[in-house]
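Residue numbers begin at 1 in each chain, while the letters A, B, ... track the order of the sequences. Heavy atoms only: backbone and side chains are in, while hydrogens, waters and symmetry mates are out. The structure displayed is predicted, hence computed values, not measured ones.
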2 protein chains.
Amino acid sequence: MTPMQQAYDVYEDRCPTRLVLDRLADKWAVLILDRLQDGPVRFNHIRRDIKGISQKVLAQTLRKLERNGLISRTIFPTVPVTVEYALTPLGSTLTDTVSALAHWAEKNMDAIFVAQRAYDEAHPG
Amino acid sequence: MTPMQQAYDVYEDRCPTRLVLDRLADKWAVLILDRLQDGPVRFNHIRRDIKGISQKVLAQTLRKLERNGLISRTIFPTVPVTVEYALTPLGSTLTDTVSALAHWAEKNMDAIFVAQRAYDEAHPG
DNA sequence: CCGTATCCCAGCCGATACTG
DNA sequence: CAGTATCGGCTGGGATACGG
């Protein structure tokens, strides 16, 4: 049994890899992390930049990322209130790691699309 | 706008990173890929090793991985039939990349759990 | 041995409307 | 500006049963 499998048995739903993957799997999470790489950004600024995300889902996703210590939330008592989101050091190291995955994806996307077409032709219906 | 965001705009649901992430996000996918690292394995062998997965979900997940060219499916016309699943070269390079993520997760799991506890205490209810 | 067919439910996500 | 409340659709996954 490999470490990965053992980890899953031991931690069950607390397997570290699953924990991280579940966070990254959120439809907009990686995009949000990416958006924060250049520095702190306000809520509606993110909303405008990431086209198609709703207020609810943006708030939800930000909460999850915050709860896992990947981003920070800072409130400025202006009128009206201003809130800034930023990568934590932890979140910053994660985006570095995710970049490797993104590079793999870009490098191999053609191979994946070829495989998909081949599979779909070989399995009609 | 960063490359990642642009990629999302251009490819929409065909963004390479999302494509890969969606595959890895399947609850059992990474565990299956991990199980195949030592060589080809038969269906029920995987099922036994990965405790808790149902036949339906195992079959489903294997199909998705196969469609994306990450694993191969070989049928031996024995009686009863034997089927072997194995990592493709493409799948093998992906698991290498995923290992980096798994290492990050293990290395930082404590920090994540601390963040979660802190968040939950700061946000009761 | 290797699957598919069904039914069911929890959770994600979207749209819309409303508030400090 | 930065959210919450509500409703509703869709899909991933679990349980169970059946077929080649």
Side-chain angles (χ1 to χ4, degrees), chain A residues 8 12-13 15 18-19 21-32 35-36 40-68 71-86 119 122-125, chain B residues 8 12-13 15 18-19 21-32 35-36 40-68 71-86 119 122-125:
Chain A
Y8 198 88
E12 293 188 332
D13 285 15
C15 167
R18 270 255 56 82
L19 197 69
L21 243 20
D22 284 344
R23 221 38 48 231
L24 298 177
D26 284 0
K27 183 171 178 183
W28 306 94
V30 174
L31 232 38
I32 293 173
R35 181 61 191 84
L36 298 182
V41 190
R42 284 180 294 111
F43 185 91
N44 277 329
H45 200 143
I46 302 175
R47 181 156 154 63
R48 273 190 301 273
D49 285 354
I50 301 182
K51 291 178 281 189
I53 194 171
S54 70
Q55 281 189 334
K56 194 194 79 170
V57 173
L58 176 55
Q60 268 181 3
T61 309
L62 288 171
R63 294 297 161 272
K64 289 188 186 176
L65 293 173
E66 185 195 0
R67 189 174 104 91
N68 287 271
I71 66 175
S72 63
R73 179 171 179 272
T74 310
I75 307 173
F76 298 95
T78 54
V79 182
V81 68
T82 302
V83 179
E84 268 188 4
Y85 292 92
Y119 183 94
H123 301 77
Chain B
Y8 198 88
E12 292 188 334
D13 285 15
C15 166
R18 270 253 59 81
L19 196 69
L21 243 20
D22 283 344
R23 221 38 50 230
L24 298 177
D26 285 359
K27 183 172 179 181
W28 307 94
V30 173
L31 230 39
I32 294 173
R35 181 62 191 84
L36 297 182
V41 189
R42 283 181 294 111
F43 186 90
N44 277 330
H45 200 143
I46 303 175
R47 180 156 155 62
R48 274 190 301 273
D49 286 355
I50 301 183
K51 291 178 282 188
I53 193 170
S54 69
Q55 282 189 335
K56 193 195 82 171
V57 173
L58 177 54
Q60 268 181 3
T61 309
L62 288 170
R63 293 298 160 273
K64 288 187 187 176
L65 293 173
E66 185 194 359
R67 191 175 102 91
N68 286 270
I71 66 175
S72 64
R73 180 171 179 271
T74 310
I75 306 172
F76 298 95
T78 54
V79 181
V81 70
T82 301
V83 179
E84 268 188 4
Y85 292 92
Y119 182 95
H123 301 77

Starting at [atom1] of [X] and ending at [atom2] of [N], how long is that distance when rounded to a whole Å?
X: A:L21; N: D:dG12; atom1: CG; atom2: C1'; value: 15 Å
X: A:R23; N: C:dG11; atom1: CZ; atom2: P; value: 13 Å
X: B:D22; N: D:dT11; atom1: CG; atom2: P; value: 13 Å
X: A:F76; N: C:dG20; atom1: CZ; atom2: P; value: 24 Å
X: A:R18; N: D:dG12; atom1: CZ; atom2: P; value: 14 Å
X: A:L58; N: D:dG3; atom1: CG; atom2: P; value: 8 Å
X: B:H123; N: D:dG3; atom1: NE2; atom2: C1'; value: 13 Å
X: B:I32; N: D:dG12; atom1: CD1; atom2: C1'; value: 14 Å

Backbone N/O of [Y] and side chain of [X]: donor-acceptor pair under 3.5 Å:
X: A:H45; Y: A:V41; result: no
X: B:R42; Y: B:Y85; result: no
X: B:R47; Y: B:I53; result: yes
X: B:R73; Y: B:V83; result: no

Side-chain contact test, heavy atoms from C-beta onward, threshold under 4.5 Å: evaluate it for [X] versus [Y] and give yes or no.
X: B:L62; Y: B:F43; value: yes
X: B:I75; Y: B:T82; value: no
X: B:R35; Y: B:I32; value: no

When you measure from the side-chain N and O atoms of [X] to the phosphate of [N], is any distance below 4.0 Å, counting only OP1 and OP2?
X: B:R73; N: C:dG3; value: yes
X: A:Y85; N: D:dC1; value: no
X: A:R47; N: D:dG3; value: no

Practice task
Could you name each residue pair satisfying salt bridge (charged side-chain N to carboxylate O under 4.0 Å, His left out) that touches residues 58-67 of chain B, not counting sequence neighbours?
Solution key: A:D120-B:R67, B:D26-B:K64

Exercise for the section: Measure the angle between the two terminal helix axes of the helix from C:dC1-D:dG20 to C:dG20-D:dC1, five base pairs each, and quote it to 10°. Expected result: 50°

Problem - Letter per nucleotide, 5' to 3', of nucleotides 13-20 of chain D [B base touched, S only sugar-phosphate touched, - untouched; heavy atoms, 4.0 Å] - result: BBB-B---

Completion exercise
Closest non-hydrogen contact found for B:V81 with B:F76 is CG2-O, 3.5 Å

